[in-house]
Amino acid sequence: MWTEQARLGHARAGTVTTAHGVVPTPAFMPIATRGAVKHLANSDLAQIGNDILLANTYHLYLRPGLEVLKAVGGLHGLMQWDKPILTDSGGFQVFSLAHLRQLTPDGVRFNSHIDGAELFMTPELSMEIQQVIGSDIQMCFDYFPGFPASRADAEHSVALTTQWAKRCKDYSSPHGLFAIVQGSSFADLRQQSAQELVQIGFDGYAIGGLAVGEPTEVMYAMLDTTIPLLPSDKPHYLMGVGQPEQILEAVKRGVDLFDCVLPSRNARHGQVYMHTQAELVDTELTAVQYRKINLTSSEYKTDVQALDPLCHCSTCQSGYSRAYLRHLFSVAEPLAQRLTTVHNVSFYIELMRTIRHQIQTHAQS
RNA sequence: GGGUAGGUGGCGGAGCGGUCAAUCGCACUUGACUGUAAAUCAAGCAGCCUCAGGCUUUCGGGGGUUCGAAUCCCUCCCUACCCA
């Protein structure tokens, strides 16, 4: 499933091969929780050029539900998206919907955030849903606390996550199952989690439970202690991260896959990522050169420049001005969000393309 | 000409003797968002200062009552509707 092509320090360039195609890595997966990157059509995604999407087990289970998904050929059929899809297991909702759920060793009892209906998510159910969705990469159902977490909570998280990972593997089809390393900010627990999961054996390894409020340095430290314990012939996925510089730092530590709501959510809120020079990342992968601006600021009221003159996305190439986009935001025209989402997601995809290019071009043989 | 109801901060609109520099909504300003309950949320929004507090000018204009008024009285101006 994973093929390495080049290496620069610990940074790796390679490919993940799935039933729906090949994903060059390091890669960023835009988030289509409910089967759509918010505001974008497939034609937008085609222009953006992302090779894979992330969708969500919990949300798609609630709507449209398993019967519909079965009837329409899974999420690929429903969306008419023919490239790879990775599904998160619902583990994140155990965290984000904490007030609506009850944790048990067997699984998690939820009250639907939509109508309050009770459901019981287990590792087995999560696997079944992900198979019905037809995802190319499926995530084990996991559990993690927020930050800061007590050692006891972190230990509990590791134990439950390992136990559930076993059950996921026992249930699952043979290919495309990733496990998730937990352990909060405790280096030894991270190591223990990694070792237990590697022992079981998966197609890829994710690092989860990070970017939940801990200092960035703690996150980097956890990557430093975890990644050396993961098989180097399997893809490494840092879940939910993050800002461009965090992605670059993680790539330099050996991470291959990323997802994050930031580009799409920030776009909806009028915050856009901008080039400060033509190349986002230099040949040494030193840093990401960029800045963020709040388009809703009065500063842009009459700014007729294209949104980001150094960007090649369709929004910027079409010449939409900052003044126009600011106006669209101020009158709440939905076009604003589509145009900025196209831009921000394109920015992330370009960032990854540049990182891959730099690794491949300057790889040590 | 007569009658009735009103005139409050950018707008709408509370308040109807002290706890009012004035609820609230909108608009506006700035800032956050990290495996998406998020087209969301937070803060600010008379001026000034030695800024967990203090001071100065505000509730159509003017005058009065009162220890104290956006709130009561007189008067003027203006708006809406009704009657002639």
Side-chain angles (χ1 to χ4, degrees), chain A residues 28-40 52-60 62-63 86-101 110-116 126 130 135 137-144 146-147 161 178-182 204-216 219 237-247 249-250 255 257-273 292-301 325-326 328-341 344-345 348:
Chain A
F28 178 79
M29 303 181 275
I31 299 190
T33 299
R34 305 188 294 190
V37 177
K38 294 186 193 302
H39 291 96
L40 300 190
I52 180 169
L53 282 178
L54 180 147
N56 185 277
T57 298
Y58 167 86
H59 290 280
L60 292 173
L62 292 182
R63 293 181 299 196
L86 177 148
T87 41
D88 187 25
S89 60
F92 186 73
Q93 280 63 46
V94 180
F95 170 73
S96 65
L97 302 176
H99 59 110
L100 290 173
R101 55 77 171 166
F110 276 101
N111 285 102
S112 157
H113 68 282
I114 298 164
D115 61 6
S126 178
Q130 294 186 66
S135 63
I137 300 176
Q138 307 175 2
M139 302 304 299
C140 289
F141 191 53
D142 66 330
Y143 164 70
F144 64 93
F147 181 87
T161 296
F178 282 29
I180 306 171
V181 174
Q182 293 298 346
Y205 296 88
I207 300 161
L210 291 174
V212 291
E214 80 283 0
T216 302
M219 178 173 96
Y237 165 27
L238 176 56
M239 304 187 78
V241 173
Q243 297 288 1
E245 64 276 14
Q246 295 173 329
I247 288 178
E249 288 307 309
V255 176
L257 290 168
F258 300 88
D259 75 279
C260 191
V261 302
L262 279 176
S264 47
R265 180 182 293 167
N266 284 350
R268 267 175 280 133
H269 298 167
Q271 188 171 87
V272 297
Y273 293 83
K292 281 186 292 187
I293 66 168
N294 282 322
L295 254 188
T296 52
S297 167
S298 53
E299 187 181 339
Y300 304 107
K301 261 180 191 165
L325 289 163
R326 186 194 125 91
L328 293 180
F329 271 107
S330 75
V331 296
E333 278 293 339
L335 178 60
Q337 291 159 319
R338 176 171 168 216
L339 294 175
T340 50
T341 301
N344 275 0
V345 175
Y348 269 64

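Reckoned from all heavy atoms, side chains included, excluding hydrogens, waters and symmetry mates.
- Looking at residues two or more places apart in sequence or on another chain, you find no ring pair (Phe, Tyr, Trp, His ring centres under 6.0 Å) involving A:Phe178.
- Both A:Leu97 and A:Ser330 sit near RNA chain B, but only A:Ser330 has its closest nucleotide nearer the 5' end.
- For the pair A:Arg34 and A:Asn56, the minimum side-chain heavy-atom distance is 4.5 Å or more.
- The distance from atom CZ of A:Arg268 to atom P of B:rU36 is 12 Å, rounded to the nearest whole Å.
- Put simply, A:His269 rests on the base of B:rU40: the two rings are less than 5.5 Å apart at their centres and nearly parallel, under 30°.
- Every stem involving RNA chain B, taken as at least 3 paired positions in a row under the Watson-Crick or G-U wobble test at 3.5 Å, is listed here: B:1-7 with B:77-83, B:10-12 with B:24-26, B:28-32 with B:40-44, B:46-49 with B:53-56, B:60-64 with B:72-76.
- Distance from the side chain of A:Val261 is smallest to B:rU36 among B:rU30, B:rA37, B:rU36.
- Considering only residues two or more places apart in sequence or on other chains, A:Asn266 meets the side chain to side chain contact (heavy atoms under 4.5 Å, CB included) condition with A:Leu262, A:Gln271, A:Tyr273, A:Asn344.
- Comparing A:Ala332 and A:Asn266 by the nucleotide of RNA chain B that holds the closest heavy atom to each, the one mapping nearer the 5' end is A:Asn266.
- Comparing B:rA32, B:rA38, B:rU29 by their closest approach to the side chain of A:Gln271 singles out B:rA32.
- In this structure, CZ of A:Phe92 is placed 7 Å from P of B:rU34, rounded to the nearest angstrom.
- The side chain of A:Arg326 places an N or O atom within less than 4.0 Å of a non-bridging phosphate oxygen (OP1 or OP2) of B:rU29.
- Of the candidates B:rU34, B:rA39, B:rU30, B:rU34 carries the atom nearest the A:Val241 side chain, counting heavy atoms from C-beta on.
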